[in-house]
Amino acid sequence: MKVFVTGGAGYIGSHVVKLLGRHGHNVLVYDNLSTGHEWAVLAGRLVRGDLNDCQLLRDTLKDYQPDAVMHFAASIEVEESTREPLTYYRNNVVNSINLLEAITGLGIEYFIYSSTAAAYGAPDTSPVDENTPLNPINPYGTTKVMVEKILQDIAASRDLKYIALRYFNVAGADPDCEIGQAYSHATHLITRALKTAQGSQGRLSVFGTDYPTRDGTCVRDYIHVADLSSAHLLALMYLRQSGLSDIMNCGYGHGFSVLDVINVAKNVTGVDFPVELAERRPGDPPELVADSSKLERLTGWTPLHDDLPFIIETAWNWEKKLSGKVGITDK
Ligand code: UDP
């Protein structure tokens with residue numbers, strides 16, 4: 001298939017692009033390189049472009065004539081979204097509308113959308129399935145829910161089928177260590193823990209110790225980026241075979257607290273890095289754990305890396321490569 005991938009030079013997108021290439025698909029990555037990297041695009045070709053450049057976007061799509069679109073490009077940090085909501089509405093909602101307008105009339109039938117567990121807000125139940133009410137508690141989650149609704153309406157009005165994948169906490173790096181997260185301002189827990197272990201950050205803050213969880217810190221379902229990538233390919237195949245739009249959670253079905261993650265990170269790295277207990281971070285729900293049985297049932301997804309030490313080990317190998325290798329820049 002010919003697959004047009006927005007954000008394909010970024011962390012998750014680049015892993016999916018690599019897998020698409022391995023499976024013989026033809027890929028065109030459209031990325032403004034604001035957080036992505038040219039070297040991360042290991043299959044197909046890259047067009048450097050912004051989703052707010054409607055002319056370039058339309059011309060590129062018309063010229064390429066893809067069969068499917070995978071839409072990763074977005075702003076993704078919860079805390080930042082609480083400080084800069086308009087940036088999030090523009091990058092995530094307006095730019096998604098630009099993309100959906102640009103593909104109108106090109107006969108593209110399949111659309112895979114990167115959604116998020118943040119759509120559920122702070123759910124009462126755990127694990128959460130896709131029927132759990134959507135009640136985002138931060139602008140990031142709201143933008144993702146808005147685009148899901150837009151997709152639902154478009155799919156009802158014309159010949160576009162979509163799968164929205166609701167990611168839980170994506171972590172780890174390519175087991176071949178060719179790509180991984182490469183963003184120096186990364187706010188995610190595992191990346192920060194490893195940067196602290198490496199000494200590039202003084203201490204790791206634990207944001208909130210008074211949550212209603214077993215040790216008082218937030219619980220998340222950490223999914224390896226390679227398993228998330230295979231979910232994308234399977235979702236696309238499912239969409240092509242069934243022609244049925246749907247929404248699917250992507251996670252392993254069990255959670256780890258912030259303190260659990262820190263312990264595993266210390267074991268994997270062998271570094272007893274400094275940790276401080278800090279105030280809650282705005283916008284964080286206490287617990288988010290996925291019920292991904294729909295993804296497994298409908299697409300045949302079978303995760304291979306449901307193992308927190310392995311997830312952290314791949315991320316650690318990547319961090320070491322990133323800090324040592326000439327030519328890999330960490331934006
Ligand atoms: N977290 C933390 N210290 C950090 C970064 C994150 O305690 O330096 C916590 C954060 O408050 C949340 C959990 O780790 O409870 C996971 O946060 P992350 O940013 O990795 O992912 P999110 O769940 O926000 O998408």
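Ligands are counted one by one from 1 in listed order, and the atoms in each one are counted from 1 as well.
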### Task
Return the protein residues near ligand 1 (heavy atom under 4.0 Å from any of its atoms), ordered by chain and residue number.
Asn169, Thr187, His188, Leu189, Arg192, Leu204, Ser205, Val206, Phe207, Cys218, Arg220, Tyr222, Val258, Arg281, Asp284
### salt bridge (Lys or Arg N to Asp or Glu O under 4.0 Å) involving Asp50 - partner list, sequence neighbours excluded
none
### salt bridge (charged side-chain N to carboxylate O under 4.0 Å, His left out) between Arg240 and Asp67, intermediate numbers included
CA-CA 10 Å; Arg240 198 163 64 158; Asp67 304 299; over 6 Å; no
### Task
Measure the acute angle between the ring planes of His254 and Phe256, then classify it against the limits of 30° and 60° as parallel, tilted or perpendicular.
perpendicular
### Query
Do the side chain of Asn135 and the main chain of Tyr120 share a donor and acceptor less than 3.5 angstrom apart?
no
### Query
Is a side-chain donor or acceptor of Asp221 paired with a backbone partner of Ala290 at a separation under 3.5 angstrom?
yes
#### Entry: Under 3.5 Å side-chain donor-acceptor pair for Thr187 and Glu79
no
